[in-house]
Peer 1: 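To start, I am sharing the structure in question, which I have written as structure tokens.
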Amino acid sequence: MNIRYWLFVLAAVPAAQAASLTSTQLSYDVAWSGTPLGSGTLTLTAEAGDCYRYELATHPIGVVRWLYGSPKETSAFCVKNGVVVPSRMSFDNPKRPKDGFALTFDFAKGKVLGGRNGPLDIKPGTLDRLSVQQAARLWVKKHVNDANPGVMVVAVADHKRVKSYTFAIKGRSAVSTPAGSFDAIRFERIDDPKTTLRFWLAPEKDYMPVKVQNIEDGEDKVSLTLKKPIS
């Protein structure tokens, strides 16, 4: 069981407007097949030159924390001419150090370095599994009001391979969370009948997700819902 795979993949695409992203931090309740696992925090920090640090920190509870630990993922990327360009991504879990890895993206050579299967060939637009979420925000902002936004066929590199995914905007709906109710854009994977990654992106939260579901064979496996902010 590994909640990092809920992070979806979108190819970097030109944004309709200025591509600058705003620093933000959001926390989520995490559940596995309806059983609470703990919480997760997404933090986006703006740095110099339209570059950013994006981090997912998980905070399991009880026996889950004892067995699995508290993994953390970090992505460093820049937005260049409206396109998200990753430079480095890392995964670390002190409880299970052998699971850790760090990837370096070298687009000049068309390679991603640091994987367990040696260097991987990549093309422009390839992203890591964290920076893709920020590319998604820019893409959805651009296409949300299109009569026919089409689909997104996208690539993501991890520590083993480069994979392709297809996503589409599937409509709008109200979503209830501990943080309140949101009018959100439903965005989901459509190329695998057995596995569905479904995200509700809220304009009120600048298109950050307020709810996420990973559905396998019709069963809700991993789910995240936005937590109520601590006052």
Side-chain angles (χ1 to χ4, degrees), residues 1-11 26-42 54 56-64 67-68 71 73 75 91 93 99 127-137 139-140 143-144 149-205 207-228:
M1 173 269 297
N2 193 332
I3 71 168
R4 65 181 182 267
Y5 290 108
W6 71 264
L7 290 168
F8 59 94
V9 288
L10 276 192
L26 297 174
S27 294
Y28 301 83
D29 291 316
V30 182
W32 174 268
S33 297
T35 301
L37 293 182
S39 63
T41 301
L42 285 170
Y54 194 39
L56 168 65
T58 55
H59 315 286
I61 57 176
V63 68
V64 178
L67 290 173
Y68 185 63
E73 296 190 49
S75 173
F91 174 80
N93 186 354
D99 290 345
L127 302 175
D128 66 69
R129 63 194 185 201
L130 279 182
S131 63
V132 293
Q133 191 181 57
Q134 298 305 311
R137 295 172 68 192
W139 192 95
V140 171
H143 293 286
V144 66
V151 299
M152 285 129 304
V153 180
V154 299
V156 64
D158 63 15
H159 59 297
K160 293 182 178 180
R161 62 184 70 87
V162 179
K163 295 182 67 175
S164 177
Y165 298 78
T166 302
F167 287 86
I169 295 173
K170 301 297 287 185
R172 297 181 85 120
S173 61
V175 179
S176 295
T177 75
S181 181
F182 298 90
D183 177 27
I185 310 300
R186 198 176 92 226
F187 186 80
E188 62 186 65
R189 183 181 179 186
I190 62 171
D191 62 323
D192 187 338
K194 294 184 178 181
T195 301
T196 299
L197 296 174
R198 186 173 293 155
F199 311 89
W200 284 265
L201 308 179
E204 183 179 340
K205 293 295 182 180
Y207 294 90
M208 286 288 285
V210 293
K211 184 176 180 179
V212 181
Q213 285 182 320
N214 181 3
I215 300 171
E216 297 180 8
D217 295 323
E219 183 180 354
D220 187 357
K221 290 293 186 181
V222 179
S223 64
L224 296 94
T225 53
L226 188 65
K227 295 180 66 172
K228 184 177 180 180

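When reading the values below, keep in mind they use all heavy atoms of this one structure, side chains included, and skip hydrogens, waters and symmetry mates. Numbers here simply count residues along the sequence, with the first being 1.
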Peer 1: Hey, what do you get for CD (E73) to CG (L56), rounding to the nearest 0.5 Å?
Peer 2: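 These two atoms lie 5.5 Å from each other.
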
Peer 1: Nearest 0.5 Å, please: how far is CH2 in W139 from CE in M152?
Peer 2: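 Result: 3.0 Å between the selected atoms.
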
Peer 1: Decide side chain to side chain donor-acceptor pair (under 3.5 Å) for S39 and S27; before the verdict, give the C-alpha distance in whole Å, the side-chain angles of both, and the deciding distance to 0.1 Å.
Peer 2: CA-CA 7 Å; S39 63; S27 294; over 6 Å; no

Peer 1: Nearest heavy-atom pair of S181 and A174: which atoms, and what distance?
Peer 2: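 Shortest heavy-atom contact: OG-CB, 4.3 Å.
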
Peer 1: Considering non-hydrogen atoms only, spot the tightest contact between S164 and D191 and give its length.
Peer 2: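 For S164 and D191, the tightest heavy-atom pair comes out as O-OD2, 3.8 Å.
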
Peer 1: Within the structure provided, determine whether H59 and T41 are in side-chain contact (heavy-atom separation under 4.5 Å).
Peer 2: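 They are in side-chain contact.
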
Peer 1: As an exercise, state the distance from CH2 of W200 to CZ of F187, rounded to the nearest 0.5 Å.
Peer 2: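 Reported value, rounded in 0.5 Å steps: 13.0 Å.
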
Peer 1: Between L197 and E188, is there a side-chain heavy-atom distance shorter than 4.5 Å?
Peer 2: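 They are not in side-chain contact.
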
Peer 1: State, without any angle test, whether S75 and D128 hold a side-chain donor-acceptor pair at a distance under 3.5 Å.
Peer 2: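 On atom types as modelled, these side chains qualify, holding a pair under 3.5 Å.
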
Peer 1: What is the distance from atom CG of N214 to atom CZ of R189, rounded to the nearest 0.5 Å?
Peer 2: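 Taking CG in N214 and CZ in R189, the distance rounds to 9.5 Å.
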
Peer 1: Any non-hydrogen side-chain atom of V156 less than 4.5 Å from a side-chain atom of V162?
Peer 2: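 No - every pair of side-chain heavy atoms lies 4.5 Å or more apart.
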
Peer 1: Flag the pair Q134 / M208 as yes when at least one side-chain heavy-atom distance between them is below 4.5 Å, and no otherwise.
Peer 2: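 Yes; the side chains approach each other to less than 4.5 Å.
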
Peer 1: Does the side chain to side chain contact (heavy atoms under 4.5 Å, CB included) test come out yes or no for D99 and F91, once each step is laid out?
Peer 2: CA-CA 8 Å; D99 290 345; F91 174 80; 3.9 Å; yes

Peer 1: Give me the atom names and distance for the closest heavy-atom approach of A179 to K227.
Peer 2: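 Closest heavy-atom pair between A179 and K227: CB-O, 3.3 Å.
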
Peer 1: Which heavy atom in V132 sits nearest to a heavy atom in L127, and how many Å separate them?
Peer 2: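 For V132 and L127, the tightest heavy-atom pair comes out as CG1-CB, 3.0 Å.
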
Peer 1: Under a 4.5 Å cut-off applied to non-hydrogen side-chain atoms, are F182 and K205 in contact?
Peer 2: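 Yes, at least one pair of side-chain atoms sits under 4.5 Å.
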
Peer 1: Are the side chain of Y28 and the backbone of P209 linked by a donor-acceptor contact shorter than 3.5 Å?
Peer 2: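 Such a contact is found between Y28 side chain and P209 backbone.
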
Peer 1: Contact between D29 and P36 at the side-chain level, heavy atoms closer than 4.5 Å - yes or no?
Peer 2: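 D29 vs P36: side chains apart.
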
Peer 1: In Å and rounded to the nearest 0.5 Å, what is the OG1 to NZ distance from T177 to K211?
Peer 2: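 T177 OG1 to K211 NZ: 9.5 Å, rounded to 0.5 Å.
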
Peer 1: Between T196 and R198, is there a donor-acceptor pair closer than 3.5 Å when you use the side chain of the first and the backbone of the second?
Peer 2: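 Looks like no, no N/O pair under 3.5 Å.
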
Peer 1: Indicate yes or no: at least one non-hydrogen side-chain atom of Y207 is less than 4.5 angstrom from one of I185.
Peer 2: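 SC-SC contact between Y207 and I185 confirmed.
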
Peer 1: Could you measure the distance from the CD1 atom of I215 to the NZ atom of K194? Nearest 0.5 Å is fine.
Peer 2: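 Going from the CD1 atom of I215 to the NZ atom of K194 covers 16.0 Å.
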
Peer 1: With a 4.5 Å cut-off on side-chain heavy atoms, are V153 and Y165 touching?
Peer 2: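 Not in contact.
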
Peer 1: Quick check against the 3.5 Å criterion: does T58 have a side-chain atom that pairs as donor or acceptor with the backbone of P71?
Peer 2: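 Checking the backbone N and O of P71 against the side chain of T58, a donor-acceptor pair under 3.5 Å is found.
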
